[in-house]
Amino acid sequence: MYKMRSLFTIIFLGFIVAVKAQPVPQVKADDLVRRIQNGQDTSYVINFWATWCAPCVKELPYFEEINAEYSGQKVKVILVSLDLKKDADARLKAFIERRGLKSEVLYLDERDPNVWIPKFTDQWEGVIPATLLYNASKGTKVFRAGSFEGNELKDFLKENGFIRD
């Protein structure tokens, strides 16, 4: 019995380590742009943020609420981390686990914001947090720099036709 319990514990702990060992997916700007442009009738809510940005971290629960509430619909929340490359694995992974983030999190593996920012919008001056709403089939693209408070994110999505009650 003791050997069986020990074996189970070792297997279970090995599974946990394997799950936690998964790196945060890295993406290039061109690949992300292609993905959302090919998203057919999916409405994308893309938030650009970083673990070191206090306003970014403060608004993450609002994105998580949208992700949970509209998961059965064609609404996809993507949290795009702009953390430093050296922090992409250890720090970012730990942050995601600690916060229990359920939305898809990607690390944007790009260096020069002057090159990749215009691929998303010409309205962005580079401040974070920043949010891009995109729906290819509707031809809708809406950008907002700055953070959201309370119901502002949900209202922003409603006003721009990305969600309904």
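Residues: numbered from 1 along the sequence shown.
- Looking at Thr51 and Leu92, their side chains come closer than 4.5 Å, going by heavy atoms from C-beta outward.
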**Q.** side chain to side chain contact (heavy atoms under 4.5 Å, CB included) between Phe156 and Val45, worked out
**A.** CA-CA 11 Å; Phe156 181 63; Val45 180; over 6 Å; no

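- Linking ILVMFWY side-chain heavy atoms closer than 4.5 Å, directly or via other members, places Trp49 and Phe148 in a single hydrophobic cluster.
- Annotation: side chain of Phe95 is in contact with side chain of Val57 (closest heavy-atom distance under 4.5 Å).
- Aromatic ring centroids of Trp124 and Phe48 lie under 6.0 Å apart.
- A distance-only check finds no donor-acceptor pair linking the side chain of Lys141 to the backbone of Leu132 [under 3.5 Å].
- In terms of heavy-atom proximity, Ser147 sits nearest to Arg144 at O-NH2, 2.9 Å.
- Among residue pairs with one or both ends in residues 53-62, those qualifying as salt bridge (Lys or Arg N to Asp or Glu O under 4.0 Å) are Lys58-Glu149; sequence neighbours excluded.
- Cluster membership for Ile96 and Ile66, using ILVMFWY side-chain heavy atoms within less than 4.5 angstrom, is shared.
- Using a distance-only test at 3.5 Å, with no hydrogens or angles considered, a donor-acceptor pair links the side chain of Glu110 to the main chain of Ala29.
- Closest approach of Asp83 and Ala50 over heavy atoms only: OD2-CA, 3.6 Å.
- Leu108 CG to Trp116 CH2: the interatomic distance, rounded to the nearest 0.5 Å, is 5.0 Å.
- In terms of heavy-atom proximity, Val24 sits nearest to Tyr107 at CG1-N, 3.9 Å.
- Atom CD of Gln26 and atom NZ of Lys85 lie 4.0 Å apart (nearest 0.5 Å).
- Note: Asn47 CG to Leu153 CG = 8.0 Å, rounded to the nearest 0.5 Å.
- Between Leu133 and Thr140 there is no side-chain heavy-atom pair separated by less than 4.5 Å.
- Residues Ser43 and Tyr134 are not in side-chain contact: their nearest non-hydrogen atoms beyond the backbone lie 4.5 Å or more apart.
- Between Cys53 and Pro129, the shortest heavy-atom distance links the atoms SG-CD, 4.0 Å.
- The hydrophobic cluster containing Phe63 also contains Leu157, counting ILVMFWY residues as joined when their side-chain heavy atoms lie under 4.5 angstrom apart, directly or transitively.
- Proximity of a side-chain donor or acceptor of Tyr62 to a complementary backbone N or O of Lys154 within less than 3.5 Å is not detected.
- The number of heavy-atom neighbours closer than 6.0 Å to NZ of Lys158, taken from other residues, nucleotides and ligands shown, is above 12.
- Within the structure, every pair that satisfies the salt bridge (Lys or Arg N to Asp or Glu O under 4.0 Å) test and touches residues 71-80, not counting sequence neighbours, is listed here: Asp41-Lys74, Lys76-Glu104.
- Leu60 contributes atom CG, which lies 11.5 Å from atom CG of Asn67 (distance to the nearest 0.5 angstrom).
- Using a 4.5 Å heavy-atom threshold, the side chains of Arg35 and Ile78 count as touching.
- The pair Arg99-Glu64 fails the salt-bridge criterion, with no side-chain N (NZ, NE, NH1 or NH2) lying under 4.0 Å from an Asp/Glu carboxylate O.
- Under the 4.5 Å side-chain heavy-atom criterion for ILVMFWY residues, a single connected hydrophobic cluster contains both Leu82 and Leu32.
- Considering NZ of Lys138 and OG1 of Thr42, their distance stands at 10.5 Å, rounded to 0.5 Å.
- Judged purely by atom type and a 3.5 angstrom limit, Asn160 has no side-chain atom pairing as donor or acceptor with the backbone of Phe162.
- One hydrophobic cluster, built from ILVMFWY side chains closer than 4.5 Å, cannot hold both Val142 and Phe120; they sit in different ones.
- A distance of 12.5 Å separates OG in Ser103 from CD1 in Ile46, rounded to the nearest 0.5 Å.
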